[in-house]
Amino acid sequence: MNRRQSLLFLAGASAAAANTTLLGAAAFAQETQPFKLPPLGYANNALEPHIDATTMMIHHDRHHAAYVNACNQLVPLWPELASTPMEAILADLGKVPEGVRNNLGGHWNHTHFWELMTPGGPNQPGGDLNAAISSTFGSYAGLTEKLTAVGLGRFGSGWVWLVVNKDKKLDIVSTANQDTPLELGARPVIGVDVWEHAYYLKYQNRRADYLKEWWRVVNWDKALANFKKSTG
């Protein structure tokens with residue numbers, strides 16, 4: 001092998017080694033960062049005037065992203081976090097390390113929350129969900145009145161949910177902080193974030209005004225799909 005051939009061989013070997021290193025780093029990142037921030041699915045300003053663009057940007061890109069980042073940082077400390085379905089963990093939090101409840105719960109709650117809002121969707125529920133709401137709450141107005149009251153009654157930060165409970169019946173529950181209804185044995189149909197960061201820029205301390213406007217952006221098609229999935 002002459003000098004020129006030797007140099008070409010060494011250059012090729014170095015490139016191969018660099019590629020292997022990059023691939024290894026990418027695989028390591030994928031393995032240690034299994035949690036991803038899901039896209040909103042619509043523009044930040046799509047829900048205006050009911051929810052403003054700045055609130056949506058901060059809520060999604062910063063608050064939700066912080067939960068995702070925290071989950072990825074917890075994976076090396078508790079590898080089961082990456083290999084166990086989120087819903088299985090959140091349904092039984094008795095043995096999880098500190099930090100998983102709030103951060104995994106925050107990721108799961110918000111992932112559902114973005115999907116439960118949409119611009120220009122149906123104004124009211126349809127199909128089997130509408131019938132179940134009428135049977136349980138008397139009417140759609142009865143549902144909105146009760147769920148809003150429970151949301152206003154949540155002291156501090158948390159969520160209010162329309163769920164299918166253990167008895168396969170519609171119910172309304174509230175959870176503190178980033179707790180989910182899964183721990184209660186319930187499956188969410190709709191969920192409303194009543195943390196102040198969800199509404200404070202536009203509505204300040206007027207949670208009632210935020211909840212009134214939130215009903216105007218509900219994705220009832222997604223809610224119906226959640227209901228069908230939850231009732232089997």
Side-chain angles (χ1 to χ4, degrees), residues 40-43 45-53 55-56 59-60 87 108-155 157-176 178-200 202-232:
L40 277 177
Y42 40 82
N45 65 354
L47 304 180
E48 289 188 342
H50 314 293
I51 303 178
D52 62 284
T55 293
M56 291 299 294
H59 198 173
H60 177 267
E87 294 188 353
W108 190 88
N109 285 341
H110 284 90
T111 298
H112 281 261
F113 187 55
W114 310 132
E115 294 179 345
L116 282 165
M117 297 185 291
T118 189
N123 293 326
Q124 294 190 19
D128 294 340
L129 177 56
N130 184 50
I133 287 172
S134 296
S135 175
T136 305
F137 304 103
S139 63
Y140 170 71
L143 164 68
T144 60
E145 181 179 349
K146 183 172 181 180
L147 191 143
T148 298
V150 174
L152 291 174
R154 162 50 59 188
F155 182 78
S157 301
W159 294 73
V160 58
W161 307 87
L162 175 67
V163 301
V164 174
N165 63 22
K166 293 178 180 179
D167 299 322
K168 298 293 184 180
K169 303 291 186 182
L170 284 181
D171 196 6
I172 293 174
V173 299
S174 179
T175 58
Q178 293 298 346
D179 290 354
T180 77
L182 300 174
E183 194 177 11
L184 306 174
R187 306 287 301 186
V189 177
I190 60 175
V192 191
D193 190 345
V194 292
W195 283 62
E196 285 188 339
H197 65 238
Y199 60 87
Y200 203 84
K202 182 175 179 67
Y203 298 103
Q204 291 82 51
N205 64 329
R206 304 190 308 275
R207 185 184 288 181
D209 290 351
Y210 158 69
L211 288 171
K212 179 181 178 181
E213 291 299 307
W214 188 83
W215 289 107
R216 301 178 185 273
V217 299
V218 178
N219 184 346
W220 286 112
D221 291 335
K222 179 61 177 177
L224 177 58
N226 288 345
F227 176 72
K228 289 182 176 179
K229 181 180 178 180
S230 299
T231 54

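Just so you know, residue 1 is the first one in the sequence shown, and it goes up from there. What you see below is based on every heavy atom in this structure, not just the backbone, and it leaves out hydrogens, waters and symmetry mates.
Using a 4.5 Å heavy-atom threshold, the side chains of Y203 and K212 count as separate. Within the 4.5 Å cutoff, side-chain heavy atoms of L162 are placed close to those of F137. Between L47 and Y42 there is a side-chain heavy-atom pair separated by less than 4.5 Å. Looking at heavy atoms from C-beta onward, W159 lies in side-chain contact with H110 at the 4.5 angstrom threshold. Using a 4.5 Å heavy-atom threshold, the side chains of F227 and R187 count as separate. At least one side-chain heavy atom of H59 sits under 4.5 Å from a side-chain heavy atom of D193. The side-chain heavy atoms of E48 and M56, taken from C-beta on, include no pair separated by under 4.5 Å. In this structure, the side chains of W214 and Y199 stay at 4.5 Å or more apart for every pair of heavy atoms.
Rounding to the nearest 0.5 Å places OG of S174 at 10.5 Å from CG of L152. Note that the OG1 atom of T180 and the NE2 atom of H112 stand 9.0 Å from one another [nearest 0.5 Å]. To the nearest 0.5 angstrom, F113 atom CZ is 13.5 Å from W108 atom CH2. From K222, atom NZ reaches atom CD of E115 across 4.0 Å, with rounding to the nearest 0.5 Å. Once rounded to the nearest 0.5 Å, the distance linking CG of L182 with CH2 of W161 reads 8.0 Å. Here OG1 of T111 is found 8.0 Å from NE2 of H60. Values are rounded to the nearest 0.5 Å.
Among all heavy-atom pairs drawn from R207 and G151, the shortest one is NH1-O, 2.8 Å. Shortest non-hydrogen contact noted between V164 and L170 is CG2-CD2, 4.2 Å. T55 and K202 get closest at one heavy-atom pair: OG1-N, 4.5 Å. Contact between T148 and L211 at its shortest, heavy atoms only, is O-CD1, 3.8 Å. Of all heavy-atom pairs between L116 and I190, the closest is CD1-CA, 3.6 Å. The shortest heavy-atom contact between I133 and S139 is CG2-O, 3.7 Å.
T144 places a side-chain N or O within donor-acceptor distance of the main-chain N or O of A141, the cut-off being under 3.5 Å. Between the side chain of N45 and the backbone N or O of A53 there is no donor-acceptor pair closer than 3.5 Å. At least one donor-acceptor pair closer than 3.5 Å links the side chain of S134 to the backbone N or O of N130. Looking at N219, its side chain never comes within 3.5 Å of a backbone N or O of T118 through a donor-acceptor pair.
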What do the steps show when you test K228 against L224 for side chain to side chain contact (heavy atoms under 4.5 Å, CB included), and what is the final call? CA-CA 6 Å; K228 289 182 176 179; L224 177 58; 3.9 Å; yes

Side chain to side chain contact (heavy atoms under 4.5 Å, CB included) assessment of E213 paired with Y210: CA-CA 5 Å; E213 291 299 307; Y210 158 69; over 6 Å; no

Let's go through T175 and E183 carefully: what are the C-alpha distance in whole Å and the side-chain angles of both, what is the deciding distance for side chain to side chain contact (heavy atoms under 4.5 Å, CB included) to 0.1 Å, and is it a yes or a no? CA-CA 10 Å; T175 58; E183 194 177 11; over 6 Å; no

Could you walk me through whether L129 and W220 satisfy the side chain to side chain contact (heavy atoms under 4.5 Å, CB included) test, starting with their C-alpha distance in whole Å, then the side-chain angles of each, then the deciding distance to 0.1 Å, before giving a yes or no? CA-CA 9 Å; L129 177 56; W220 286 112; 4.0 Å; yes

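Shown here is E145, whose CD atom has no more than 12 heavy atoms of other residues, nucleotides or ligands within 6.0 Å.
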